[in-house]
Amino acid sequence: MTGDGFQRCPPGPPDALDRRDPDLIAAILPYLEWFNAHYLRVRSEGAENAPAGPALFVANHNGGIMGPDLLCTLAFLWRTLSPERPLYALAHDFVMRQFTPVGRLLERVGAVAACRANAERVLTSGGQVLVYPGGDLDAYRRFDRRNEVVLLPRTGFVKVAQATGAPIVPIVAHGAHRSACIFHEGEAIARALGMPRWARLERFPLAVALPWVLAVGPWLPYLPLPFPVRLRMLAPIHVAPEDDAFQVASLVQARMQSALREMAA
């Protein structure tokens with residue numbers, strides 16, 4: 001993980017963008033929407049804020065590996081943009097590279113490794129990107145911090161927007177962090193295990209989750225609790241090349257935090 005929140009691009013050729021399968025996405029979308037509507041009771045708003053051209057969708061991350069916000073957000077974007085639109089999601093390369101069958105399936109629904117080069121290639125080719133800049137810092141925050149947005153100190157997404165001219169479009173999810181009860185973020189455990197070096201993670205969470213009761217670590221799958229999830233797409237934020245990246249990231253986080261606080265109320 002680089003200091004701005006992006007992974008270093010893996011060695012070898014860049015991720016292929018032609019592995020995304022619009023027909024597969026169109027086929028699974030109705031089932032995903034049924035699950036979201038009946039199990040998670042998803043409500044979404046702000047679809048009118050989606051740009052017609054390239055855009056960097058910046059979302060808050062909740063609940064770790066099985067947090068339902070990703071599925072809810074993807075379904076929302078696929079329905080808003082259509083499966084044919086070249087939307088790609090930046091994914092942690094540990095799963096993409098270490099679990100090859102899973103990685104190949106994720107590529108078919110538009111996942112690419114979360115490095116700046118991939119994001120910029122998608123945007124300069126006319127596509128759109130979904131990114132969770134807070135990553136593990138956001139996804140594995142304690143349950144009592146469930147209504148916080150954590151993007152800082154990561155600013156790489158701003159630099160991608162500056163390099164490509166794409167607007168930043170925040171998407172705020174509320175309720176998804178109740179899918180499990182994270183009671184310890186495990187920053188010291190992650191350091192002791194050397195995870196920032198070999199796994200590019202700074203958290204080793206401990207949680208109460210189904211069916212394990214005690215869920216240990218960042219990769220153990222669990223059954224998300226069926227709390228309602230609400231999504232809100234905010235107005236695009238245009239960034240100039242000369243803008244200070246940290247100040248822009250602070251502005252994005254503040255707008256998302258304001259929306260999340262309102263949704264939680």
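This chain uses plain numbering: 1 for the first residue, then up along the sequence.
- In terms of heavy atoms, P68 sits closest to V229 at CG-CG2, 4.4 Å.
- Looking at S258, its side chain never comes within 3.5 Å of a backbone N or O of A254 through a donor-acceptor pair.
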Exercise. Run the side-chain contact (heavy atoms from CB on, under 4.5 Å) check on F204 and V216 step by step: do they pass?
Worked result: CA-CA 8 Å; F204 188 93; V216 177; 3.5 Å; yes
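- Under a cut-off of 6.0 angstrom, the local environment of CZ in R43 is sparse, with at most 12 non-hydrogen atoms contributed by other residues, nucleotides or ligands.
- With rounding to the nearest 0.5 angstrom, the CD atom of E120 is 10.0 Å from the CG atom of L56.
- In terms of modelled atom types and a separation under 3.5 Å, the side chain of Q162 and the main chain of A245 share no donor-acceptor contact.
- Looking at W212, its side chain does come within 3.5 Å of a backbone N or O of P221 through a donor-acceptor pair.
- When the side chains of ILVMFWY residues are joined at heavy-atom separations under 4.5 Å, either directly or via intervening members, I171 and L29 end up in a single hydrophobic cluster.
- Put simply, W219 and F183 are part of the same group of oily side chains (I, L, V, M, F, W, Y) that touch within less than 4.5 Å, one to the next.
- Closest approach of P51 and P167 over heavy atoms only: CG-CG, 4.2 Å.
- Closest non-hydrogen pair, F246 versus P153, comes out as CE1-CA, 4.4 Å.
- Across D138 and V150, no two heavy atoms sit closer than the pair OD1-N, 3.2 Å.
- Clustering ILVMFWY residues whenever any of their side-chain heavy atoms sit less than 4.5 angstrom apart, transitively, puts F76 in the very cluster that holds Y39.
- Residue R19 holds its CZ atom at 4.5 Å from CD of E107, rounded to the nearest 0.5 Å.
- In this structure, CD in E148 is found 12.0 Å from CG in L137, a value given to the nearest 0.5 Å.
- One hydrophobic cluster holds both L123 and V239 under the rule that ILVMFWY side chains link at heavy-atom gaps under 4.5 Å.
- A salt bridge links E33 with R79: the distance from a Lys NZ or Arg NE/NH1/NH2 to an Asp or Glu carboxylate oxygen falls below 4.0 Å.
- Counting heavy atoms from C-beta on, the side chains of T73 and F57 never come closer than 4.5 Å.
- One distance of note links NZ of K159 with CG of D243; it measures 13.5 Å at 0.5 Å rounding.
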Problem set entry | L223 and M66: CA distance, side-chain angles, deciding distance, side-chain contact (heavy atoms from CB on, under 4.5 Å) verdict | CA-CA 7 Å; L223 177 65; M66 297 301 293; over 6 Å; no
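- S179 and A176 make their closest contact through OG-O, 3.0 Å (heavy atoms, listed as atom of the first residue, atom of the second, distance).
- In summary, D136 and R154 engage in a salt bridge, as defined by a charged side-chain N under 4.0 Å from a carboxylate O.
- For the atom pair CZ (R230) and OG (S44), the distance works out to 10.0 Å, reported to the nearest 0.5 Å.
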For this session: Give the intermediate values and the outcome of side-chain contact (heavy atoms from CB on, under 4.5 Å) for residues H61 and D69.
Result: CA-CA 7 Å; H61 213 353; D69 56 334; 3.4 Å; yes
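- Panel note: side chain W198, backbone L193; a donor-acceptor pair is recorded below 3.5 Å.
- The main-chain N or O of A173 is found under 3.5 Å from a side-chain atom of N60 such that the two form a donor-acceptor pair.
- A donor-acceptor contact shorter than 3.5 Å links the side chain of R41 to the backbone of P226.
- A donor-acceptor pair under 3.5 Å is formed between the side chain of R85 and the backbone N or O of A52.
- Distance alone, capped at 3.5 Å, is enough to place a donor-acceptor pair between the R141 side chain and the R146 backbone.
- For the side chain to side chain contact (heavy atoms under 4.5 Å, CB included) criterion with R20, the lone passing option out of V109, L87, V122 is L87.
- No side-chain donor-acceptor contact under 3.5 Å links E185 to the backbone of R203.
- Taking T80 as the reference, nothing meets the side-chain hydrogen bond (donor to acceptor under 3.5 Å, both in side chains) condition, with sequence neighbours excluded.
- For the pair H184 (side chain) and P205 (backbone), a donor-acceptor distance under 3.5 Å is absent.
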Exercise. Passes side-chain contact (heavy atoms from CB on, under 4.5 Å), M233 versus L77? Steps please.
Worked result: CA-CA 10 Å; M233 186 184 298; L77 288 173; 3.7 Å; yes
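- Counting all heavy atoms, side chain and backbone alike, N118 lies closest to A113 at ND2-O, 3.0 Å.
- In this structure, L130 is not a member of the same hydrophobic cluster as L17, with clusters built from ILVMFWY side-chain heavy atoms closer than 4.5 Å.
- We find the CD-OH distance between E187 and Y140 to be 15.0 Å, quoted to the nearest 0.5 Å.
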